[in-house]
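Keep in mind that this is a model prediction, so the values were computed, not measured.
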Amino acid sequence: MTTGLISDRRFLQHQPGRARPESPARLRATLAYLEGLPWIDSLKRLPGKGISADWLERVHSRDYITRAQDACLNGEEFLDSMDVGICAASFEVAGLAAGSLLRLADEVLAGNIDNGFMLARPPGHHAERSQALGFCLFNHVAVLARYLQRQHALDKLLILDWDVHHGNGTQHAFEEDPSVLYISLHQYPFYPGTGAWSETGRGRGRGATLNCPMPAGSTDEDYEQAFMDKILPKIDQFSPEFVIISAGFDAHRADPLGQVCLSTDFYGWMSLRMMEIAEKHCQGRIVSALEGGYNLHLLPLCVAEHLRILSGN
């Protein structure tokens, strides 16, 4: 089993401002911890890769892309809302994250790695077609889904989002598309206010969105029941050709931004279930991207648990 890891240090150049929970310290702490693991050298390190505007435009409007670039180059402090702090490098770094996830998928489909994880920032799942939101500039997993369909002729894609916050941008990108199954477990009611059970898609895409809103205080057992009763049967029925995970680790019981009570070990449990799904339906093809996770002591442990399962260590 060969797992690819993209952890380009250029991701540290995105500076959203002081006293922000989404900061370069998240990656520094995680990388420092990973380097001390005895099995870290079994992973295949891959450099980051930029992205062309053409692929971003599969998900985001051209006007938004131009506006985001201009805001960064002009030295503005925020993009669209106060929760999206930016600096001169932010546009390039967000594009690097999106392009790096495409590289990871390319490596999987070429047979060079079995699966992969992108340790990048800023996160992406809140970014809408024409709006930055929730620390996010570009929706990396949504761009990857469109890339896999058009560049690699894959048809049926699964996006599982286990961040504590609902991935509004990802849901909206595919809610009318039956070829992408979007599944989210998230605290509800909570930021950004979307993700109710009743949100199941629209038009031809009705039924291809599965939201599992979880109340504050939900535990490993509550999430496991959601997997067994709702999520795994839905995925088996859909039978995806590729699995994408929006891997936020802020549903951990010690995370400062949520009130869900997952353990570190449970991230391994969810990772293993997705490995089984990928083996069953799509030759093990699975990639994941870091979304949230803001406890600098626990985030590295959760990422390590996810990587341990992916790599078979």
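Contact check on Glu77 versus Arg20 returns no salt bridge, with no Lys/Arg side-chain nitrogen under 4.0 Å from an Asp/Glu carboxylate oxygen. Salt bridge present: Glu176 and Arg202 bring a charged side-chain N and a carboxylate O closer than 4.0 Å.
Remark: the Asp222 side chain and the Thr219 side chain contain an N/O donor-acceptor pair separated by less than 3.5 Å. Using modelled atom types and a 3.5 Å distance limit, the side chains of Tyr64 and Asp80 yield no donor-acceptor pair. A donor-acceptor pair shorter than 3.5 Å can be found between the side chains of Asn313 and Ser42. A donor atom on one side chain and an acceptor atom on the other are found under 3.5 Å apart for His152 and Asp106.
Residues satisfying the side-chain contact (heavy atoms from CB on, under 4.5 Å) test with Tyr188, not counting sequence neighbours, are His186, Ala196, Pro213. Here Ala208 pairs with nothing under the side-chain contact (heavy atoms from CB on, under 4.5 Å) rule; sequence neighbours left out. Looking at residues two or more places apart in sequence or on another chain, you find a side-chain contact (heavy atoms from CB on, under 4.5 Å) between Lys230 and Trp197, Leu210, Cys212. Not counting sequence neighbours, the partners of Ala89 by the side-chain contact (heavy atoms from CB on, under 4.5 Å) test are Gln13, Cys87, Val93.
The side-chain hydrogen bond (donor to acceptor under 3.5 Å, both in side chains) test with Ser246 is passed by exactly one of His140, Glu291, His125: Glu291. Of the residues His306, Glu276, Glu305, the one that meets the side-chain hydrogen bond (donor to acceptor under 3.5 Å, both in side chains) test with Ser271 is His306.
Through ILVMFWY side-chain contacts below 4.5 Å, Leu296 is grouped with nothing and stands alone. Cluster note: Tyr191 groups with Leu133 through ILVMFWY side-chain heavy atoms spaced under 4.5 Å, whether in direct contact or through intervening members.
Between the OG atom in Ser61 and the CD atom in Glu128 there is a gap of 11.5 Å [rounded to 0.5 Å].
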Stepwise salt bridge (charged side-chain N to carboxylate O under 4.0 Å, His left out) check, Arg129 with Glu175
CA-CA 13 Å; Arg129 175 171 174 78; Glu175 60 186 350; over 6 Å; no
Please determine whether side-chain hydrogen bond (donor to acceptor under 3.5 Å, both in side chains) holds for the pair Asn211 and His166, giving the CA-CA distance in whole Å, both sets of side-chain angles, and the decisive distance to 0.1 Å.
CA-CA 9 Å; Asn211 282 304; His166 180 246; 3.0 Å; yes
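Here the closest non-hydrogen pair linking Ala132 and Ser81 is O-OG, 4.1 Å. Here the shortest heavy-atom pairing between Gly48 and Ser100 reads CA-OG, 3.1 Å. Here the shortest heavy-atom pairing between Leu104 and Met118 reads CD2-N, 3.8 Å. Across all non-hydrogen atoms, the minimal contact from Leu148 to Ala105 is CD2-CB, 4.0 Å. Heavy-atom minimum distance, Ser218 versus Val260: O-CG1, 3.6 Å. Across all their heavy atoms, Arg67 and Leu79 have their closest contact at NH1-CD1, 3.9 Å.
Proximity of the aromatic rings of Phe135 and His126 is defined here by a centroid distance below 6.0 angstrom, and this criterion is not met. Note: Tyr223 and Trp162 fail the aromatic proximity criterion, with ring centroids not under 6.0 Å apart.
Under a 3.5 Å cut-off, the side chain of Arg58 and the backbone N or O of Tyr147 do not form any donor-acceptor pair. A distance-only check finds a donor-acceptor pair linking the side chain of Asp255 to the backbone of Tyr294 [under 3.5 Å]. The main-chain N or O of Gln259 is found under 3.5 Å from a side-chain atom of Gln187 such that the two form a donor-acceptor pair. In this structure, the side chain of Arg62 does not engage the main chain of Glu57 through any donor-acceptor pair within 3.5 Å.
Using bins of under 30°, 30° to 60° and over 60° for the plane-to-plane angle, the ring pair Phe91/Phe138 lands in the perpendicular bin.
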